[in-house]
Each structure stands twice: as structure tokens, then as C-alpha cells.
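Everything quoted here is computed from the prediction, not taken from an experiment. Side chains included, hydrogens not; waters and symmetry mates left out as well; all remaining heavy atoms used.
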Amino acid sequence: MTNQTTAPLFETFEMDKLHLPNRTVMAPMTRGFSPDNIPNEDVAAYYRRRAENEVGLIITEGTGIDHPASVSGASIPVFHGEKALAGWAEVVKQVHEAGGKIAPQLWHVGMTRSKGDLPNEEADPVGPSGLSLDGEKVNEAPTTEEVEALVESYAKAAKDAKRLGFDAIEIHGAHGYLIDQFFWGNTNKRTDRYGGDFVERTTFAKEIVEACRREVGEDFPIIFRFSQWKMNDFGAKLVETPEEMERFLQPLVDAGVDIFHCSTRRYWEAEFEGSDLNLAGWTKKLTDKPVISVGSVGLDGVFTDFSGAGTSSLDGLVDKLDQDEFDLVAIGRSLLMDPAWVKKVHEGRVDDLLAFDKEALQKLY
């Protein structure tokens, strides 16, 4: 495997609210190693290892907001309650001691949760219209007041993140989870202010960003992650054209998003016909906001087929970064497998990079 110079990856990133030593980001990846939903010393050490090895910004795995159905499983971390927040405080401490920066990913899984799932077996899943991702009726839609309470749960988490010393927050609005279920016409059939056309369906996300901004102030970075694809439909589209994308993103810009994290399965794929720009490239062009690109960086297979993947050249990635198509690059499985991935790339040790083995999912490297 040959690589051209990777120097653009190691330029500093500067904006008024966030300064990073390089352009690398640890992508959020659900790990499920938090017993009783509380991140422990193993989780703190896992993130610290990435900070020690030059990752510019760490975005944590998804962590559940204060709602009984926010996560699905007893080992997925949450972001509420004294014990869980104490665990996250230790994560922040460890990362900062190692010279790193970190943001929690604030998450609610929505209708991807099954009835009877831990940690709260009695809690029914919640989505905009009570529909599964396949459009099947599961339960009743939440009231307007219940949706407003969900907005406030995100705001509470944002306030706690700042109090604990995190450097930013990321709001998870991608992949068919709760916020994305409000975006998507297949799952949002509401007739109140949270429903409507594809622009009106951004209201839930817009109010979350506004509420988080109210709690963290103007100088604290808010990252928003979105995607076209869903876990049950890789070909799903929220918008079909750049014009629609501009209209879709504008309410989020107006609400106060500082950085967009644009999730694709393959970073090199063009988003719309007639242009080589990927989703992040178009988002930057249309919003003039900094963007994070992601999707099979350094690997030759996409993560959603749940198999192994070999290493691949970074040349195309570096070209796009050098051309300012995007500002930051999120690395997922490569960093999950190898905490020293960024440092190896920086030192030119590309032959030491590891292929991805799905067995790595069973361990915190």
C-alpha cells in the first residue's frame, strides 16, 4: 500500500470555538462495555489511549439522554444519573490528562428499540408517529408535550456535558434513530409542528439545537451528525438535490449548529449527479460551516456488512481534504482496532496499519 504525503491530515484546525492539533476525529462507535449503563475505568482507558496517540478530537460512542427508552441494552452508556455522569467525568479527566479533546454523542435510539429491552423493560420505544423504520405501527405517537420533554432531555445532557468539562457535544441525528425518524417521511406522519414537509420535519432537531445552545452558551461547540442512509435502508434519501439539501440544512444552521458531521458509508462516493462532492462537501458548500467526513477511511470494506476489511490507500482522502472539500476526517473501525492508527499515519508507518477484524468488536483495544 502506498500513500502520498498525509500532511493535510496533520494541519491544525482553528475555529472560534474549537482548536484541534490536527484534522483527525475518532468516529462515534457503540461498544457496549459499560456495565449497568455506566462507563467504567476500562472505558476511560479506551478513550485515553486514542488521546495519547494523537487523535485530534474524540467523539464518544452514543450515550443515552435522560429518557427511559433512550438506549437498548444494559451495557450501553447513558448520560444521566450520578454514577454515569461520574464515569463520564473520569473519561474527560483521562482524555485531558493525555492532551486530547472529547465530545459526548448525545443519543436516543427511538423506534429501533424493542419492547422489553433493558435497561428499562417496561419502557415502550418512542418515535414521532409510533412507526417502525419499516413503517409498521408499533404504538401510539407521543403528544406534543412529550416531544417537548424529549427536547429538554437533550438540553439537560448538553448542560451536564459542559459542566463535566467536555470540549463540545455531538447530537446524533443520523442512521434512523430518534431525531432522524423525525426527519424521515416514512416514520414521521405527525400533523403538529413536528410534522409536515421535509423542511418542517427538521423542527424537532432545530428545537434540540436551540435548547442545547441555551444551556451551553454561545462559545461551546455543537456538532450535529446526520445521514441520508438508515440502518434498514442504505439507499434512503432525506433530500434528492442540492437545492433540497440547502433548505433542509438551513434551519439547523439558524438554530446554532457549529459543525456538521456528515455520515456516509464510503467517503469517496459523490452525493449528487454532476459533481464529485460527497455529502460533507455539499454540506460545506451550502452552509459554509466546517464539516466532518466519514466512511470507510483507510479500509476497503464498509462497516455495515459486518465483516472484516483490509487496509487501503489514503491518497483519495488526502486529496479531498487538501482541496477543502471537508475540514475534518472521522476514523471508525481503523481506530477501534488500533488506538495508534493516527500516530502511525503521522509517522509514515502505513505498513504497520492493521486490517479490520470483526472479532475486534468483542474487545476494547
Using the rule given for side-chain hydrogen bond (donor to acceptor under 3.5 Å, both in side chains), can you reason through Tyr154 versus Glu207, listing the C-alpha separation, both sets of side-chain angles and the distance that settles it, and then say yes or no? CA-CA 10 Å; Tyr154 280 95; Glu207 290 186 5; over 6 Å; no
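- The 12-atom threshold is exceeded at CG of Asp233, counting heavy atoms of other residues, nucleotides or ligands nearer than 6.0 Å.
- Under the 3.5 Å distance criterion, the side-chain polar atoms of Arg201 are left unmatched by any main-chain donor or acceptor of Gly195.
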Start with the C-alpha gap between Phe224 and Val209, add the side-chain angles, then the distance that decides, and say whether side chain to side chain contact (heavy atoms under 4.5 Å, CB included) holds. CA-CA 8 Å; Phe224 190 91; Val209 175; 4.1 Å; yes
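- A distance of 6.0 Å separates NZ of Lys343 from CD of Glu54, quoted to the nearest 0.5 Å.
- At least one donor-acceptor pair under 3.5 Å links the side chain of Thr264 to the backbone N or O of Val294.
- In this structure, Glu14 places its CD atom where more than 12 heavy-atom neighbours from other residues, nucleotides or ligands lie under 6.0 Å away.
- Taken together through direct or relayed side-chain contacts under 4.5 Å among Ile, Leu, Val, Met, Phe, Trp and Tyr, Ile259 and Val291 form parts of separate hydrophobic clusters.
- Because its NZ or CZ atom is both nearer than 6.0 Å to the ring centre of Trp184 and within 45° of the ring axis, Lys230 counts as a cation-pi partner of that residue.
- Under the 30°/60° scheme for interplanar angles, the aromatic rings of Phe248 and Phe183 are found to stand perpendicular.
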Please assess Lys285 against Asp324 for the test salt bridge (charged side-chain N to carboxylate O under 4.0 Å, His left out), listing each intermediate value before the final yes or no. CA-CA 10 Å; Lys285 180 183 175 73; Asp324 293 326; over 6 Å; no
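- Side chains of Gln250 and Asp254: a donor on one and an acceptor on the other come within 3.5 Å.
- More than 12 non-hydrogen atoms from other residues, nucleotides or ligands lie less than 6.0 angstrom from NZ of Lys344.
- Both Leu364 and Tyr47 belong to a single network of hydrophobic side chains, linked directly or stepwise wherever heavy atoms of I, L, V, M, F, W or Y lie under 4.5 Å apart.
- For the pair Arg50 and Tyr46, the distance from NZ or CZ to the six-membered ring centre is under 6.0 Å and the angle to the ring normal is within 45 degrees.
- Counting non-hydrogen atoms of neighbouring residues, nucleotides and ligands closer than 6.0 angstrom, the CG atom of Asp276 reaches no more than 12 such neighbours.
- Looking at Glu90 and Gln94, their side chains do bring a donor and an acceptor atom within 3.5 Å of each other.
- Taking CZ from Arg225 and CD1 from Ile179, the interatomic distance works out to 12.5 Å, rounded to the nearest 0.5 Å.
- Salt-bridge check for Glu152 with Lys156: failed, with every basic side-chain N at 4.0 Å or more from each acidic carboxylate O.
- Nearest heavy atom pair, residue Asp322 against residue Pro8, reads OD1-CG, 3.8 Å.
- Counting heavy-atom neighbours within 6.0 Å of Asp219 CG, excluding the residue itself, gives a total of 12 or less.
- Residue-environment remark: CD (Glu145) exceeds the threshold of 12 foreign heavy atoms within 6.0 Å.
- Atom NZ of Lys17 has more than 12 neighbouring heavy atoms from other residues, nucleotides or ligands inside a 6.0 Å radius.
- When all heavy atoms of Val345 and Thr6 are compared, the closest pair comes out as O-OG1, 3.6 Å.
- For the residue pair Gln181 and Thr187, the shortest heavy atom distance occurs at O-OG1, 2.7 Å.
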Check the pair His175 / Ser263 against side-chain hydrogen bond (donor to acceptor under 3.5 Å, both in side chains), numbers first and verdict last. CA-CA 8 Å; His175 305 165; Ser263 180; 2.7 Å; yes
Could you walk me through whether Lys289 and Asp327 pass side chain to side chain contact (heavy atoms under 4.5 Å, CB included), step by step? CA-CA 9 Å; Lys289 292 288 185 180; Asp327 303 275; over 6 Å; no
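- To the nearest 0.5 angstrom, Thr202 atom OG1 is 11.0 Å from Ile208 atom CD1.
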Stepwise ring pair (Phe, Tyr, Trp, His ring centres under 6.0 Å) check, Phe326 with Phe260: CA-CA 10 Å; Phe326 39 77; Phe260 284 100; over 10 Å; no
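- The main-chain N or O of Glu359 is never found under 3.5 Å from a side-chain atom of Lys363 such that the two would form a donor-acceptor pair.
- Salt bridge Glu52/Arg48: present, at least one basic N to carboxylate O contact under 4.0 Å.
- Side chains of Ser153 and Asp66: a donor-acceptor N/O pair is absent below 3.5 angstrom, by distance only.
- Classified by interplanar angle (parallel below 30°, tilted 30° to 60°, perpendicular above 60°), the ring pair Trp282/Phe272 is perpendicular.
- Note on Glu210 versus Arg214: no salt bridge recorded, every NZ/NE/NH1/NH2 to OD/OE distance being 4.0 Å or above.
- For Arg265 and Phe234, the positive end sits near the middle of the six-membered ring, less than 6.0 Å away and at most 45° from its axis.
- A donor-acceptor contact shorter than 3.5 Å links the side chain of Thr60 to the backbone of Gln105.
- Just one residue in the list His96, Lys101, Lys162 forms a side chain to side chain donor-acceptor pair (under 3.5 Å) with Asp167, and that residue is His96.
- Transitive grouping of hydrophobic side chains (ILVMFWY, heavy atoms separated by less than 4.5 Å) brings Val257 and Val216 into a common cluster.
- One finds the CD1 atom of Ile65 at 10.0 Å from the CD1 atom of Ile171 (value rounded to the nearest 0.5 Å).
- Between Tyr177 and Trp107, the ring-plane angle classifies as perpendicular under the 30° and 60° cut-offs.
- Residues Leu20 and Ile169 are members of separate hydrophobic clusters, defined by side-chain heavy-atom contacts under 4.5 angstrom among Ile, Leu, Val, Met, Phe, Trp and Tyr.
- Counting heavy-atom neighbours within 6.0 Å of Asp197 CG, excluding the residue itself, gives a total above 12.
- When all heavy atoms of Ser129 and Ala141 are compared, the pair lying nearest together is CA-CB, 3.7 Å.
- Side-chain contact between Val138 and Leu131 is absent, with no heavy atoms from C-beta onward closer than 4.5 Å.
- Linking Ile, Leu, Val, Met, Phe, Trp and Tyr residues whenever their side-chain heavy atoms come within less than 4.5 Å leaves Phe10 and Val25 in two separate clusters.
- A distance of 12.0 Å separates CD in Glu215 from CZ in Arg163, rounded to the nearest 0.5 Å.
- Of all heavy-atom pairs between Leu238 and Ser227, the closest is CD1-O, 3.3 Å.
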For a side chain to side chain contact (heavy atoms under 4.5 Å, CB included) check, start with the C-alpha distance between Met26 and Ile102, then their side-chain angles and the critical distance, and finish with the verdict. CA-CA 9 Å; Met26 180 178 183; Ile102 185 167; over 6 Å; no
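- Within the cation-pi definition used here (under 6.0 Å to the ring centroid, within 45° of the axis), Arg23 does not qualify as a partner of Phe13.
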Glu200 vs Arg190, salt bridge (charged side-chain N to carboxylate O under 4.0 Å, His left out): CA-CA, chis, key distance, verdict: CA-CA 10 Å; Glu200 294 167 327; Arg190 298 183 70 90; over 6 Å; no
Could you please spell out the steps behind the side chain to side chain contact (heavy atoms under 4.5 Å, CB included) verdict for Glu271 and Asn278? CA-CA 5 Å; Glu271 189 59 39; Asn278 69 7; 5.5 Å; no
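- Between the side chain of Asn139 and the backbone N or O of Pro125 there is at least one donor-acceptor pair closer than 3.5 Å.
- Minimum heavy-atom separation, Leu9 to Asn22: O-CB, 3.4 Å.
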